[in-house]
Amino acid sequence: QVHLVESGGGLVQTGGSLRLSCAASERYFSSFLMGWFRQVPGKEREFVAAISPGGSATYYADSVKGRFAISRDNAESTVSLQMNSLKPEDTAVYYCAANGDSGGYYFPGDYVYWGQGTQVTVSS
């Protein structure tokens with residue numbers, strides 16, 4: 001069982017920045033591909049970014065490419081999402097997730113462990 005706790009959400013103006021962090025309880029954290037997803041009410045959870053277990057490969061949704069950066073610190077069992085140039089359409093609850101070794105990273109079903117989420121609100 002992997003326990004994930006997100007932090008760093010909040011209210012920011014358009015064009016601003018936020019940094020989300022996710023702390024994991026699992027001693028084998030470094031073996032998991034980690035991802036960030038987001039969800040707004042009435043819509044499906046959507047992929048934002050993912051990072052390979054060693055951190056050498058990163059993946060981004062087209063909507064955040066060039067603005068967001070995912071990183072991880074395996075020694076600290078944390079994964080972060082630096083969000084720059086934020087837009088109102090980035091407003092959502094953001095979730096950290098640990099991959100279930102499905103071979104994929106894009107779909108929520110590829111992940112088996114989820115955090116409780118943190119709210120990000122971007123005002124116009």
Visitor: Do the side chains of Met34 and Arg72 get nearer than 4.5 Å, heavy atoms only?
Guide: yes

Visitor: Is there a side-chain contact between Cys22 and Thr78, using heavy atoms and a 4.5 Å cut-off?
Guide: no

Visitor: Between Arg45 and Tyr95, is there a side-chain heavy-atom distance shorter than 4.5 Å?
Guide: yes

Visitor: Taking atom CD as the centre, does Glu76 end up with more than 12 heavy-atom neighbours from other residues, nucleotides or ligands that are less than 6.0 angstrom away?
Guide: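 Check fails, neighbour count at 12 or below.
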
Visitor: Might you confirm whether atom CG of Asp73 has over 12 heavy atoms from other residues, nucleotides or ligands at distances under 6.0 Å?
Guide: yes

Visitor: Show, in sequence, the C-alpha distance, side-chain angles and deciding distance for Ser71 and Val79, and conclude whether the side-chain contact (heavy atoms from CB on, under 4.5 Å) test is met.
Guide: CA-CA 6 Å; Ser71 61; Val79 59; over 6 Å; no

Visitor: In Å, rounded to the nearest 0.5 Å, how long is the span from CZ of Phe68 to CZ of Arg38?
Guide: 5.5 Å

Visitor: For residues Asn99 and Phe32, determine if any side-chain heavy atom of one lies less than 4.5 Å from a side-chain heavy atom of the other.
Guide: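 Side-chain contact under 4.5 Å: no.
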
Visitor: State, with a plain yes or no, whether a side-chain heavy atom of Thr91 is found less than 4.5 Å away from one of Gln119.
Guide: yes

Visitor: Given side chains that start at C-beta, do those of Tyr60 and Val48 come closer than 4.5 Å, heavy atoms only?
Guide: no

Visitor: Check for me whether the distance between the ring centres of Tyr106 and Phe47 falls short of 6.0 Å.
Guide: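 Centroid distance Tyr106-Phe47: below 6.0 Å, so yes.
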
Visitor: Let me check something: do Phe29 and Val2 share a hydrophobic cluster, defined by ILVMFWY side-chain heavy atoms less than 4.5 Å apart, either directly or through other members?
Guide: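 Cluster IDs for Phe29 and Val2 match.
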
Visitor: Mind checking whether Leu86 and Thr14 have side chains closer than 4.5 Å, heavy atoms only?
Guide: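 Leu86 does not reach Thr14 side chain to side chain.
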
Visitor: If I compare all heavy atoms of Cys96 with all of Leu4, which pair ends up nearest, and what's the gap?
Guide: O-CD1, 3.7 Å

Visitor: Distance-only check: which donor-acceptor pairs under 3.5 Å involve side-chain atoms of residues 111-118, not counting sequence neighbours?
Guide:
unit_1, atom_1, unit_2, atom_2, d
Tyr111, OH, Tyr105, O, 2.7
Gln116, NE2, Glu6, O, 3.4
Gln116, NE2, Glu6, OE1, 3.4
Thr118, OG1, Gly9, N, 3.2

Visitor: I need the Ser124 OG to Lys87 NZ distance, nearest 0.5 Å.
Guide: 14.0 Å

Visitor: Does any donor atom in the side chain of Asn84 or Ser17 lie under 3.5 Å from an acceptor atom in the other side chain?
Guide: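 Result is yes, a qualifying pair exists.
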
Visitor: Examine Phe37 and Tyr94 and state if one hydrophobic cluster contains both, with Ile, Leu, Val, Met, Phe, Trp and Tyr joined whenever side-chain heavy atoms are less than 4.5 Å apart.
Guide: no

Visitor: What closest approach, in Å, do Trp36 and Leu20 show between heavy atoms, and which atom pair accounts for it?
Guide: CH2-CB, 3.7 Å

Visitor: Are any non-hydrogen side-chain atoms of Leu33 and Pro53 less than 4.5 angstrom apart?
Guide: yes

Visitor: Among Val64, Val122, Val12, Val120, which residue satisfies the side chain to side chain contact (heavy atoms under 4.5 Å, CB included) criterion with Met83?
Guide: Val120

Visitor: Just grab all the salt bridge (charged side-chain N to carboxylate O under 4.0 Å, His left out) pairs involving residues 55-70, residues at least two apart or on different chains.
Guide: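 Found Asp62-Lys65, Arg67-Asp90.
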
